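Chain A is the first sequence line, chain B the second, and so forth, proteins listed ahead of strands; every chain is numbered from 1. Owing to the predicted nature of the structure, the values given are computational and were not obtained by experimental measurement.
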Amino acid sequence: MKRREKSVNHIAQVNENFEPWEPNQPIPIFVIALVFALSIWGALTYLSEFGTVHDKTGPETSPAAPSTSPTTEAQGLESASPEVLKLVYSGKDNMWSCPSCHGAAGEGSASTPRLAGQVADYLFKQLEDFHNGSRDDASMAYVVDALRVDERRALADYYAQIPLPSGVAPTLGGDLDRGQILAEAGDWEQNVPACFQCHGGNGEGVEPSFPGLAGQHPQYTFVQLARWHAGARGNSPQALMDGISQALTPNDMRAVADYLATLPLEPVQQAH
Amino acid sequence: MTTNSTQNGGPSRTLGRLLKAGALGLVLFAFGTLAFQSGIWNTVYSKVSGIPDTDQQGIEDQALANRTAMQAAREACLKDVQSDPPPVPVSADGYYAPPAESAIPDTPFGESIRRGRDIFVNTGEHAPRFVGNSQSCANCHLDGGRKEHSAPLWGAYPLYPAFRGKNQKVNTFQDRIKGCFTYSMNAQASPSGGPPPLGSDVYVDLESYAFWLADGVPTGAKVPGAGYPKVAKTELGYDYERGEEVFTANCALCHGDDGQGRREADGRLRFPPLWGAEAYNWGAGMSRINTAAAFIKANMPLSKPNSLTDQEAWDVAAYISSFERPKDPRQTGTVEENRARYHDGDDIYYGQEVRGKILGAGVSREQTSAASAQ
């Protein structure tokens with residue numbers, strides 16, 4: 001009885017004019033517009049930035065599995081004094097060794113650069129630049145700071161004298177035809193000279209300042225171009241690569257990085 | 001009851017709302033698509049992101065479309081003389097757009113064009129008998145003679161035959177290239193001992209290449225981008241001592257501190273020498289400081305045109321011109337007489353004293369190798 005009384009009481013309390021639904025508050029039209037605009041922006045950005053990677057002509061190839069390991073293909077892995085070899089393979093004190101990231105023969109991988117056969121003075125300058133901060137890389141700065149200048153020189157010379165055939169292939173899905181044009185002829189409308197104008201007729205590098213590009217991992221090449229493009233790498237002499245990279249579109253960078261990875265690495269006779 | 005009526009109207013209202021929202025979405029989508037396709041999107045995106053809006057394919061297509069339009073207009077003109085004359089094909093930046101390298105025809109004439117291009121780009125390898133130094137045509141005519149403000153072939157070809165003060169006669173295009181071999185390639189020191197004789201295949205092929213590049217420039221027309229843009233004289237004038245600093249900061253990276261460029265042990269030339277026995281001789285246009293300053297300002301360092309000030313361009317050109325180079329092949333008497341005859345009033349150190357020595361005696365390969373052997 002009590003219960004019923006209670007419910008009766010509640011019914012009595014019901015406000016006849018009470019509207020149980022929230023009054024209709026339309027979402028402001030500009031918010032809808034914004035949502036649509038943002039989703040369209042997002043979708044189109046996705047399509048234009050990433051979709052093309054998969055449509056472009058470059059075959060989605062993975063690096064060809066080397067038939068032999070870099071250490072058996074490379075020469076001169078032992079051509080250094082015992083001290084230098086110890087530095088290379090064991091690192092200094094508790095510091096990481098070079099091969100722990102750059103591979104047993106300095107072949108590198110993905111965005112870790114190949115060092116084998118690179119221009120000696122170029123390698124040395126990069127070590128100096130990591131040390132003095134003009135090339136920004138926390139890991140390399142950490143490692144290099146533990147080395148004396150003569151040790152840096154010795155390491156650069158050690159890796160420069162290792163001949164090692166190219167073991168890379170395109171991985172970025174870049175347009176190889178466009179990459180070839182950029183490498184061989186350049187795009188002078190954008191003030192982009194041919195890569196080969198300075199980096200050697202086959203991208204093998206030119207002493208003392210121009211590193212070899214052939215045989216380098218396309219990911220590494222692309223990342224470096226992107227870093228110059230974005231102003232994150234600043235140690236190119238006369239800021240030459242800064243300007244050139246800024247003139248390249250992301251697709252151009254992919255194209256040229258991939259094309260350079262198709263080149264055989266011919267042994268160079270450097271002038272002395 | 002009021003509540004009831006609201007509930008009855010519910011589904012149709014919801015439907016209406018959905019339809020309206022859908023229509024609005026369609027309108028917005030259409031708007032967005034149009035904005036994207038019109039190119040506004042790319043422009044805004046590149047402004048906001050800082051990634052340059054270089055639709056390269058678009059630029060090339062544009063130049064190509066202009067060339068196609070020219071061909072179409074030519075055909076139309078043949079049929080109807082009253083139709084519009086063919087336009088000059090230009091690229092996005094407004095300069096004449098030469099045909100793409102891939103458009104070289106697969107005909108005997110195309111073969112000649114290709115040989116001409118090869119000679120132009122690597123003269124020492126493809127015309128070795130007539131090159132007496134370490135230079136190629138493309139060293140001073142960048143991008144294989146295509147680049148504007150780098151004395152492009154398409155700027156020069158339509159201007160010949162022409163009377164030239166340099167030799168006081170009407171020169172054909174072959175005469176003009178013969179001059180390049182005589183002075184810029186220092187043909188006197190070449191295996192054949194001189195430039196190719198007129199009528200030589202070397203000239204024929206180079207002429208084919210130049211004609212093909214210039215196909216679209218009206219004969220006789222001086223078009224924008226031809227030659228090197230003159231650099232205004234500065235108050236300070238030029239000074240080779242000031243120029244040394246400019247050279248070290250901007251040029252030595254490739255051309256070396258000694259200005260000798262770089263050649264690998266296997267003979268492949270990487271960067272051209274600027275003075276000495278392997279450079280252009282005292283009769284070459286580039287040995288004049290004003291010409292060198294004009295080339296440098298508009299083209300050097302590669303990828304950074306016009307990055308030097310006028311003053312720096314004059315000074316560094318003076319520095320490069322302040323060293324000995326192969327002798328002027330026109331010289332018969334003394335340097336002084338030759339200066340009076342051929343270099344009077346020029347901006348050139350020829351016959352003048354620099355670092356305590358009169359320049360102009362010339363330097364030969366034999367002298368250089370003898371000096372390095374010692």
- If you tally heavy-atom pairs under 4.5 Å between each of G144(B), A21(B), A249(B) and chain A, the highest tally belongs to A249(B)
- Query: Under a 4.5 Å heavy-atom cutoff, which of L28(B), L269(B), N250(B), D143(B) has the most pairs with chain A?
  - Reply: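 Winner by heavy-atom pair count: D143(B).
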Quick one, [X] and [Y] - any side-chain contact, counting heavy atoms below 4.5 Å?
X	Y	answer
S150(B)	W188(A)	no
V192(A)	S303(B)	no
L253(B)	F210(A)	yes
L26(B)	F36(A)	no
K304(B)	N191(A)	no

- Message: How long is the straight-line distance from OG of S209(A) back to CZ of R262(B), given to the nearest 0.5 Å?
- Response: 9.0 Å
- Message: With rounding to the nearest 0.5 angstrom, report the CD to CG distance, Q190(A) to D93(B).
- Response: 9.0 Å
- Atom OH of Y122(A): over 12 foreign heavy atoms under 6.0 Å: yes
- Is it true that atom CD of E101(B) has more than 12 heavy atoms of other residues, nucleotides or ligands lying nearer than 6.0 Å?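 Correct, the count exceeds 12.
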- Query: Quick one: what part of F196(A) sits under 4.5 Å from any heavy atom of chain B, side chain, backbone, both or neither?
  - Reply: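 No part of F196(A) comes within 4.5 Å of chain B.
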- Message: Is I40(A) in contact with chain B via its backbone, its side chain, both, or neither, using a 4.5 Å heavy-atom distance?
- Response: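 Contact with chain B involves the side chain of I40(A) alone.
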- Query: Would you say R268(B)'s side chain and G201(A)'s backbone share a donor-acceptor pair under 3.5 angstrom?
  - Reply: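 No; zero donor-acceptor contacts below 3.5 Å.
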- Query: Using 4.0 Å as the upper bound for N to carboxylate O, is an ion pair formed by R270(B) and E207(A)?
  - Reply: no
- Item | Least distance between heavy atoms, C251(B) atom then Q238(A) atom |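 The answer is N-OE1, 4.4 Å.
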- Do you know the tightest heavy-atom contact between P193(A) and L302(B)? CG-CB, 3.9 Å
- Query: Checking heavy atoms, do the side chain of L24(B), its backbone, both or neither come under 4.5 Å from chain A?
  - Reply: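 Only the side chain of L24(B) comes within 4.5 Å of chain A.
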